[in-house]
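The first residue of the sequence shown is numbered 1, and numbering continues consecutively from there. Side-chain atoms are counted along with the backbone in the values below, which use heavy atoms only and exclude waters and symmetry mates.
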Amino acid sequence: MRKALIIGGGPAGLTAAYELLNASKTDVSAEKFEVIVFEESSQLGGISKTVEHNGNRMDMGGHRFFSKDPKVNEWWNRMLPPQGAPAYDDIVLHRTPHLTEGGPDPEKTDRVMLTRNRVSRIYFDKKFFDYPITLKWETFKNMGLITTIQAAASYLASVLHKRKENSLEDFYINRFGKKLYSMFFEKYTENLWGRSPAEIDPNWGAQRVKGLSIMAIIADMFRKLLPGKNTGHVETSLIEEFSYPKLGPGQLWDVTGAEIEKMGGQILRGCRVIRFHKDENNRLVSLTYEKDGQEHEETGDIFISSMPIKDLVGGMNDVPEREAAIAAGLPYRDYMTLGVLVPKLNLVNKTKIRTIGNIVPDDWIYVHDRTVQMGRFQIYNNWSPYMVKDLHNTVWVGLEYFCDEGDVLWRMTEKEFSEFAVSEMVKMGLIDSPDVVLDTHMEKVKKAYPAYFDTYKDMDVLREWLDSIDNLYCVGRNGQHRYNNIDHSMVTSFETVKNILNGVRSRDNIWNVNTEKEYLEGK
């Protein structure tokens, strides 16, 4: 029996652990593995965890469960059977929806996956625009005649004169024109990455908005006018529904963790992996982890890493100078969010979607207001009615900020951050005064977003060296330094386990996840 050491208890790490153990369970001829997962925090899920504060739940970043990969969907449905959208009356009564025959075990009624409406908008110039941008009267009305003409002219210019795509700025202008780029992409991207889009590799855009353009929006608009509008190809960024765990995304990973332990796997929480030890044959033989201030060493045969590549390589012995420098220079963006509980928001629901308290139906709203630092805010009531303790009388929102570890925002105390973020809510007109705030809670996530600049340009060199370590597999968002969503991260682990079970040496199929033109989504 070989021992697999898995670093990270997020989507990629837990998927790898489950798949290895499940293969042994379902196929008597399959190789058996001892599996140990090392998770630095006390919670599972990584950035996909759910945080509970005074009975209200927070989603770190907002996670839509939608994928074009059948295996991913089947996997989610196995862990959390789909229940569909709760009936409006059931939500009003704030009770668990009636479970139909063939649904979840009645003793586990919380273990369900809901179907939710996808509604997101952009806050720009103190007006709200659909995201993705729609070509309808309200959009043109909000833009005004002159801006609409300018946008149309700049888009036509981008069609006639395509830029060579050396940067993310080129990528967006080619698809939307310079005017729409400046309105709806430039500021948000600068806020997210702390860099101008002109400095960022176009690969980020290719992986995040594959297929989305003005022409895709027009095609989608006409598709909806035709009979059988729900059939045929739909760009992922234009999907209108998604699945969501009843108790937030962390629920999926808590259930997965429990299943792993039932099958005999170990999950060591509060264990931070700090070093890796290679032998003279360039194979990993053990790792060192820290728990409660004490260091421990664990030997293993297979190492599956979803930890940041910067830390993985930085903790290894005998790393060549060039590869060590590339890893050390890989950039990341960190994340802070403030949960804010208020009686109401000063936003009017002008849609036809019925909501509790008639709040706006958005899952999240992108902030493109140059007068504030806020990047986005979530409305947790709309992700799942079970995220909010008092659904009838309060609105629970998450104000999201992108920052760098150690900068001014990151160093703020919880009180300072709360006062700052709430003041931006007032400035944006979301609430009238800080006095209406009932409760707040701050959360921070390090290395939430692997970035596409600095030494990222030499990532292929580093990847080749990592692949030379034949018992190491890099999976997930930080494990590959790629902006993977949940489904991408899971697929990297599916491919990894397939290679391990079949003795495949190449890592190409693992690294090629999320480089295909067909976009998968499960943020």
I would like to know whether T440 and S418 meet side chain to side chain donor-acceptor pair (under 3.5 Å); could you show each step before the answer?
-> CA-CA 7 Å; T440 62; S418 176; 3.3 Å; yes
Charged tip of [X] within 45° of [Y] ring normal and under 6.0 Å:
| X | Y | answer |
| --- | --- | --- |
| R195 | F453 | yes |
| R116 | F242 | no |
| K71 | F494 | yes |
| K49 | W253 | no |

Regarding W75 and E19, is there a side-chain donor-to-acceptor distance under 3.5 Å anywhere?
->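 The criterion, which ignores hydrogens and geometry beyond distance, is satisfied for E19 and W75.
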Does the pair [X]/[Y] count as a salt bridge with the N-to-O cut at 4.0 Å?
| X | Y | value |
| --- | --- | --- |
| D363 | R64 | yes |
| K447 | D334 | no |
| E495 | K498 | yes |
| R370 | E186 | yes |
| E405 | K446 | yes |
| E261 | R269 | yes |
| E259 | R78 | no |

With a cut-off of 6.0 Å (strictly less than), are more than 12 heavy atoms of other residues, nucleotides or ligands near NZ of K344?
-> no
On a heavy-atom basis, the closest approach of M374 and A421 is CE-O, 4.4 Å
Could you tell me which non-hydrogen atom of G248 sits nearest to which non-hydrogen atom of T50, and how far apart they are?
-> C-OG1, 3.3 Å
Whether F65 and W76 hold their rings parallel, tilted or perpendicular, with breakpoints at 30° and 60° = perpendicular
Whether W364 and W383 hold their rings parallel, tilted or perpendicular, with breakpoints at 30° and 60° = tilted
Determine whether I356 and N381 make a side-chain contact, defined as any pair of heavy atoms from C-beta on separated by less than 4.5 Å.
-> no
Flag the pair K291 / L268 as yes when at least one side-chain heavy-atom distance between them is below 4.5 Å, and no otherwise.
-> no
Side chain to side chain donor-acceptor pair (under 3.5 Å) between D432 and N346, intermediate numbers included = CA-CA 8 Å; D432 294 325; N346 295 339; 2.8 Å; yes
For this output row, return yes or no: ring centroids of [X] and [Y] closer than 6.0 angstrom.
| X | Y | value |
| --- | --- | --- |
| F377 | Y366 | no |
| Y123 | Y188 | no |
| H63 | Y244 | no |
| Y449 | Y483 | yes |
| F124 | F184 | yes |
| F303 | Y473 | no |

Can you list the steps and then say if H368 with F185 is a ring-ring contact (aromatic ring centres under 6.0 Å, His included)?
-> CA-CA 8 Å; H368 290 217; F185 295 96; 7.4 Å; no
Stepwise, does the side chain to side chain donor-acceptor pair (under 3.5 Å) test hold for E298 with H296?
-> CA-CA 7 Å; E298 186 72 46; H296 309 269; over 6 Å; no
